[in-house]
2 protein chains.
Amino acid sequence: MKRFFSKKEGMSTLAKIWEDHLRARGYRLTKARRAVLETMASETGHRTPEEIHRQARWRYRKLGLVTVYRTLALLERLNLVQRVHQGKMRCHSFAAVRLEKGHHHQLICRTCGHVEEFPDCALDRTLRKLQARTGFAIESHHLEVVGQCPKCQ
Amino acid sequence: MKRFFSKKEGMSTLAKIWEDHLRARGYRLTKARRAVLETMASETGHRTPEEIHRQARWRYRKLGLVTVYRTLALLERLNLVQRVHQGKMRCHSFAAVRLEKGHHHQLICRTCGHVEEFPDCALDRTLRKLQARTGFAIESHHLEVVGQCPKCQ
DNA sequence: TTTGTTATTGAAAATAGATTTCATTTAGCG
DNA sequence: CGCTAAATGAAATCTATTTTCAATAACAAA
């Protein structure tokens, strides 16, 4: 996972911007929040609340897991952080997908939750190259696109 | 969600193939399993175990949710069904992703769980077209590629 | 600085989703 | 039919997430 700023450099520019954002909206800047903010701002990539908690405790030992959940919810409301998936497992059938020529993916509205399916994502060539380069035997892929639907804009 | 076969048509070809698959491996074909099999084979698209249960009960009223979980696990072991995500929420920061030129995605080994990151998924053009066609203001996307890593093959 | 107000916190309780246990049922065989 | 082991449903358990609540600490005003 790529790190933008080493721990020694302290807070990233991004985390500073977020702090201003919170202050401007009247939220208090606590040690707990700073720890989560800086942790979230320091890496791309998805992490579970537990992983975030483990990382953020290097910045503030007393941080509780509950506060991580709450801070993530706050950052999500402010559109600074996004939940890439909910806490529910989801299944689909390989074969049913293969029966269609070019399968479908999901376009999800972040505001109203409306889901639109769209076909053929034109990834085949990219995936073939990826397979050649990494040696993985690629079996399936899953693409989720998030945005705002026309009604909610 | 597209349906391949109407309910009146009864069992789909795909479901029949799956039944043979189970029989060949010595698994028993119960009403409960048939109901889940036919339900999974009848649609593409991700569903939660609860949704699958609700749908499958139209085929077999007495079906329990636990059996849905168990049957999905079985179908997964036989590589007929795939879990597109686990029961844990995952978050990432929009802004951190935007700071990088071309962001990273994940290549996951279904057997050992090894995760490899890869850059730039060449989706930009597709997404621009999608935005134009649907009117969605696209904000982010998330791509997960599943396969078997070289060691596990 | 010190003080007072109130948002925020952590711990524990409550809830929800997924898995395991176990007594009962039933598919598939003779 | 009957037998037997595999499969089921209900309840118990486990794990992830959310809510509750008394204690704490941020920060505005003195």
**Student:** Reading DNA chain D from 5' onward, which residue's closest nucleotide shows up sooner: B:Thr67 or A:Tyr60?
**Tutor:**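 Its nucleotide being nearer the 5' end, the pick is B:Thr67.
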**Student:** Could you state the CZ-P distance from A:Arg28 to C:dA7, rounded to the nearest angstrom?
**Tutor:**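 Computing the A:Arg28:CZ to C:dA7:P distance gives 7 Å.
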**Student:** Say whether, by atom type as modelled, one donor and one acceptor occur between the side chain of A:His53 and the main chain of A:Val66 under 3.5 angstrom.
**Tutor:**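 No; judged by distance alone, with no hydrogens or angles, the pair does not exist.
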**Student:** From the list D:dT20, D:dA26, C:dC22, which nucleotide is the closest neighbour of the side chain of B:Arg70?
**Tutor:**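 Nearest to the side chain of B:Arg70 among the choices is C:dC22.
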**Student:** Please report, rounded to the nearest Å, how far the P atom of C:dA27 is from the CD atom of B:Glu19.
**Tutor:**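 In whole Å, C:dA27 P lies 13 Å from B:Glu19 CD.
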**Student:** Could you tell me how far apart B:Leu22 (CG) and D:dA7 (C1') are, to the nearest whole angstrom?
**Tutor:**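 Nearest whole value for this atom pair: 12 Å.
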**Student:** Which sits closer to the 5' end of DNA chain C, A:Ala32 or B:Val66, going by the nucleotide each is nearest to?
**Tutor:**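 Closer to the 5' end of DNA chain C: A:Ala32.
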**Student:** Report the distance from atom CE of B:Met89 to atom C1' of D:dA16, rounded to the nearest whole Å.
**Tutor:**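 Distance check: B:Met89 CE to D:dA16 C1' gives 10 Å.
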**Student:** Using whole Å, report how far CD1 of A:Ile52 lies from P of D:dT17.
**Tutor:**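 Rounding to the nearest Å, CD1 of A:Ile52 and P of D:dT17 are 10 Å apart.
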**Student:** Is B:Tyr69 near enough to C:dA18 that one of its side-chain N or O atoms lies under 4.0 angstrom from OP1 or OP2?
**Tutor:**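 It does, given that an N or O in the side chain of B:Tyr69 lies less than 4.0 Å from OP1 or OP2 of C:dA18.
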**Student:** Answer with base, sugar-phosphate or nothing: what part of the nucleic acid does A:Arg33 contact at a heavy-atom distance below 4.0 Å?
**Tutor:**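 It contacts sugar-phosphate atoms only.
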**Student:** Considering heavy-atom distances to DNA chain D, does B:Lys88 or B:Leu65 have its closest nucleotide positioned more toward the 5' end?
**Tutor:**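 Upstream on the strand: B:Leu65.
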**Student:** Are the side chain of A:Arg83 and the backbone N or O of B:Cys91 linked by a donor-acceptor pair below 3.5 Å?
**Tutor:**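 It does not hold such a pair.
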**Student:** What integer distance in Å separates B:Arg23:CZ from D:dA6:P?
**Tutor:**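 My rounded result for the distance is 18 Å.
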**Student:** May I ask you to say what B:Leu29 touches in the nucleic acid, namely base, sugar-phosphate or nothing, with a heavy-atom cut-off under 4.0 Å?
**Tutor:**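 Sugar-phosphate contact only - B:Leu29 comes under 4.0 Å of backbone atoms but never of a base.
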**Student:** Under 3.5 Å, side chain of A:Gln131 to main-chain N/O of A:Ile138, donor-acceptor pair present?
**Tutor:**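 Judged by distance alone, yes, a pair lies under 3.5 Å.
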**Student:** Can you tell me how far apart OH (B:Tyr60) and OG1 (B:Thr67) are? Round to the nearest 0.5 Å.
**Tutor:**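 It comes to 8.5 Å.
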**Student:** Output the single nucleotide from C:dT19, D:dT20, D:dT18 whose closest atom is nearest the side chain of A:Arg83.
**Tutor:**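 The nucleotide sitting nearest to the side chain is D:dT18.
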**Student:** Would you kindly give the NZ-to-C1' distance between A:Lys31 and D:dA25, to the nearest whole Å?
**Tutor:**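 After rounding, the gap between these two atoms is 9 Å.
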**Student:** Tell me: NZ of A:Lys62 to P of D:dT24, nearest whole Å?
**Tutor:**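 In whole Å, D:dT24 P and A:Lys62 NZ are 10 Å from each other.
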**Student:** In terms of side-chain heavy atoms of A:Thr30, which of D:dT17, D:dT8, C:dT8 is nearest?
**Tutor:**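 Nearest nucleotide to the side chain: C:dT8.
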**Student:** Once you apply a heavy-atom cut-off of 4.0 Å, does B:Leu63 come out as touching a base, just sugar-phosphate, or nothing?
**Tutor:**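 If one applies the 4.0 Å heavy-atom cut-off, B:Leu63 turns out to touch the sugar-phosphate alone, with no base involved.
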**Student:** Check whether A:Trp58 forms a cation-pi arrangement with A:Arg54 (NZ or CZ under 6.0 Å from the six-membered ring centre, at most 45° off the ring normal).
**Tutor:**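 No cation-pi geometry.
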